[in-house]
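So you know, we letter chains A, B, ... as the sequences are listed, proteins then strands, and number each from 1. Everything numeric here is computed off the predicted structure, so don't read it as measured data. Basis for what follows: all heavy atoms, side chains included, without hydrogens, waters or symmetry-related copies.
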Protein chains: 2
Amino acid sequence: MVQVISSNEDGKTVCLECNHNSWQPMDQRTTPETIKVACSNCNLRELCMPIGFNPEDMQKLDEVVATRRRVKQGERLFSNGDPFTSLYAIRTGFFKTCISSEDGREQVTGFQMAGEIIGLDGIVSDHHSCNAVALEDADVCVMPFANVEELSREFPVLQRHVHKIMSREIVRENSIMMLLGNMRAEERIAAFLLNLVQRLHARGFSQSEFILRMTREEIGSYLGMKLETVSRTFSKFSDDGIIEVKQRYVRIIEPDVLKKIFNSQTCS
Amino acid sequence: MVQVISSNEDGKTVCLECNHNSWQPMDQRTTPETIKVACSNCNLRELCMPIGFNPEDMQKLDEVVATRRRVKQGERLFSNGDPFTSLYAIRTGFFKTCISSEDGREQVTGFQMAGEIIGLDGIVSDHHSCNAVALEDADVCVMPFANVEELSREFPVLQRHVHKIMSREIVRENSIMMLLGNMRAEERIAAFLLNLVQRLHARGFSQSEFILRMTREEIGSYLGMKLETVSRTFSKFSDDGIIEVKQRYVRIIEPDVLKKIFNSQTCS
DNA sequence: AAAATTCTTTGATGTAAATCAAACGACTGC
DNA sequence: GCAGTCGTTTGATTTACATCAAAGAATTTT
């Protein structure tokens with residue numbers, strides 16, 4: 001389903017110099033803040049759009065996406081309470097979504113990368129219920145939800161696609177509930193690393209090494225543990241020769257051991 | 001938005017004799033296993049269908065629901081791996097949804113009551129990824145998803161409704177992540193009780209007393225804690241005069257204290 | 001009605017992870 | 001190039017909850 005980019009498949013998949021492992025589109029990166037864009041010639045199409053459109057339908061599909069928007073590292077794409085107008089397809093960059101409790105505790109609810117859709121939380125109440133923060137400079141396609149709904153009525157394949165995206169998010173959150181409710185620190189970290197590398201690999205990056213875009217604290221928030229425990233678990237995996245960690249750089253040495261830890265802690 | 005049933009508003013809202021607090025529809029309950037039903041004369045309509053339909057549209061809406069299905073206590077509406085064909089609107093009864101990890105650990109992902117929609121997990125992969133188990137004898141409307149999608153294309157208000165239902169589920173799971181990732185046992189139980197009573201109240205039941213349909217173990221699984229901790233927390237709340245608990249019967253004496261515990265543990 | 005099973009409560013003890021604390025490394029801005 | 005900030009690592013200690021255990025209710029089966 002996902003077409004990998006061959007140029008990313010030759011080993012040197014993560015740019016360590018610029019500390020950048022997001023998918024860079026081929027076109028120039030000097031576009032203004034918001035510009036009109038088209039899905040029909042987007043190289044991320046396979047990831048965020050349904051397949052099997054003929055060219056003329058594709059042209060209509062371009063109507064979904066109105067503009068593009070840049071979000072600088074640390075800035076928000078949207079915040080809790082903002083009126084909901086659009087879904088966003090990530091072109092480049094990396095986001096976290098998070099919610100805050102009354103007394104200020106933060107819960108990271110997800111990390112999103114190129115080709116993933118963000119903003120579904122806003123549909124139910126017409127207002128966003130979480131914050132979407134760019135963890136690196138990002139570029140998103142703004143898809144006004146009214147357009148999405150209108151074209152969904154016309155194209156059953158798009159309608160189905162939207163439903164699948166929402167269902168996928170529900171299923172993902174189900175498995176996070178399993179993680180948070182039932183698993184121990186090592187299992188959570190193993191699951192986290194495996195999921196991350198799998199998604200990066202689907203985007204043409206290495207299946208063994210990558211750069212973390214988030215802090216230990218953000219990983220901990222996502223996984224329901226403290227940053228010290230995240231750090232200690234990384235160190236333990238490193239001591240055991242399962243992974244190599246150096247700050248944000250991670251290399252998975254023994255993916256099978258990681259999978260085993262994730263599936264069941266076969267005693268300690 | 002939700003019309004409460006006046007007959008349920010006179011204090012005696014929970015039938016302690018039969019240990020039953022689900023909404024009983026007015027029609028006779030001797031229907032065969034699956035029969036043709038209509039939304040247009042269903043008294044749960046306000047809960048599971050969008051409002052603002054005129055009578056002729058309503059008739060078309062009836063096409064969504066194909067049949068009704070009975071599920072006995074302990075039986076499954078669907079299981080992990082089952083082909084996905086339909087969404088289910090609960091008419092009466094109470095369900096839990098749960099997933100199991102490789103090594104058999106169970107995670108309850110939700111409890112669902114009358115008027116709520118179940119089965120959204122199946123859309124993404126055309127197969128269900130969780131089990132839906134009836135915690136009491138239940139009666140559901142079977143809504144073939146193909147019908148839902150077809151009519152959604154015709155009626156924007158239905159389309160929007162379906163999107164909202166899915167978004168609501170995403171937002172609900174977000175708040176469960178906050179619960180599991182950041183909150184302590186007492187906060188989790190407080191949140192659980194408040195959520196349950198709020199939903200029951202919206203269905204015409206008392207806002208202070210109700211009968212739990214699930215075991216301590218199932219509550220614990222949902223909230224990421226062991227059954228003993230659930231029991232101890234109930235006992236503590238009872239000792240503190242916040243609630244009255246006797247087995248499955250619960251009465252909330254001090255809802256404000258419960259809300260305070262939920263919002264922030266104001267020291268211990 | 002007795003027996004068996006399931007669920008719940010409560011107590012005693014153990015432990016994984018949190019908290020507290022301090023040092024160190026990396027990046028930022030002047 | 002240096003100071004300041006931020007993020008990470010590691011150690012020592014505490015703690016909330018899990019685990020182990022057993023008795024007591026409630027429900028189901030025979």
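Note on the helix from C:dA1-D:dT30 to C:dC30-D:dG1: terminal axis deviation equals 50°, with five pairs used at each end and the result rounded to 10°.
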Q) Given the rule in the side-chain contact (heavy atoms from CB on, under 4.5 Å) test, do A:Thr97 and A:Asn131 qualify, once you have shown the distances and angles that lead to the verdict? A) CA-CA 5 Å; A:Thr97 46; A:Asn131 307 316; over 6 Å; no
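Distance CZ (B:Arg216) to P (D:dA25): 15 Å, rounded to an integer number of Å. Between A:Arg248 atom CZ and D:dG7 atom P there is a gap of 8 Å when expressed in whole angstrom units. Spacing between atom CE of B:Met225 and atom P of D:dT15 amounts to 20 Å, rounded to whole angstrom units. One can place CG of B:Leu223 at 19 Å from P of D:dA16, the figure rounded to the nearest angstrom. Atoms NZ (B:Lys226) and P (C:dG11) sit 21 Å apart, rounded to a whole Å. For B:Gln247 and C:dT8, the CD to C1' distance is 6 Å, given to the nearest whole Å. As rounded to whole Å, 14 Å separates atom C1' of D:dA18 from atom CZ of B:Arg105. Residue A:Glu186 contributes atom CD, which lies 16 Å from atom P of C:dT15 at whole-angstrom precision.
A:Ser231 comes within 4.0 angstrom of a base, heavy atoms only.
No side-chain N or O of B:Asp82 forms a donor-acceptor pair with one of B:His128 less than 3.5 Å apart. Side-chain contact annotation: B:Glu244 with B:Ser238, donor-acceptor N/O pair under 3.5 Å absent. Inspection of the A:Gln107 and B:Asn182 side chains reveals an N or O donor paired with an N or O acceptor under 3.5 Å. In the model, B:Ser79 has a side-chain atom that pairs as donor or acceptor with a side-chain atom of B:Arg76 under 3.5 Å.
Under a 3.5 Å cut-off, the side chain of A:Glu209 and the backbone N or O of A:Val250 do not form any donor-acceptor pair.
Comparing B:Arg188 and B:Gln73 by the nucleotide of DNA chain D whose heavy atom lies nearest to each, the residue mapping closer to the 5' end is B:Arg188. Both A:Met183 and B:Val245 sit near DNA chain C, but only B:Val245 has its closest nucleotide nearer the 5' end.
Ring centroid separation for the pair A:Tyr222 and A:Phe111 comes in under the 6.0 Å cut-off.
Partner of B:Val133 under the side-chain contact (heavy atoms from CB on, under 4.5 Å) criterion, chosen from B:Met214, B:Lys96, B:Glu218: B:Lys96.
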Scan nucleotides 11-14 of chain D against the protein and return all N/O pairs shorter than 3.5 Å with their distances rounded to 0.1 Å.
{"from": "D:dG11", "atom 1": "N7", "to": "A:Arg232", "atom 2": "NH1", "distance (Å)": "2.9"}
{"from": "D:dG11", "atom 1": "O6", "to": "A:Arg232", "atom 2": "NH2", "distance (Å)": "3.0"}
{"from": "D:dA12", "atom 1": "N6", "to": "A:Arg232", "atom 2": "NH2", "distance (Å)": "3.4"}

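For D:dA18, one of the phosphate oxygens OP1 or OP2 lies less than 4.0 angstrom from a side-chain nitrogen or oxygen of B:Thr229. OP1 or OP2 of D:dT10 sits under 4.0 Å from a side-chain N or O of A:Ser235.
Residues satisfying the salt bridge (charged side-chain N to carboxylate O under 4.0 Å, His left out) test with A:Arg199, not counting sequence neighbours, are A:Glu116.
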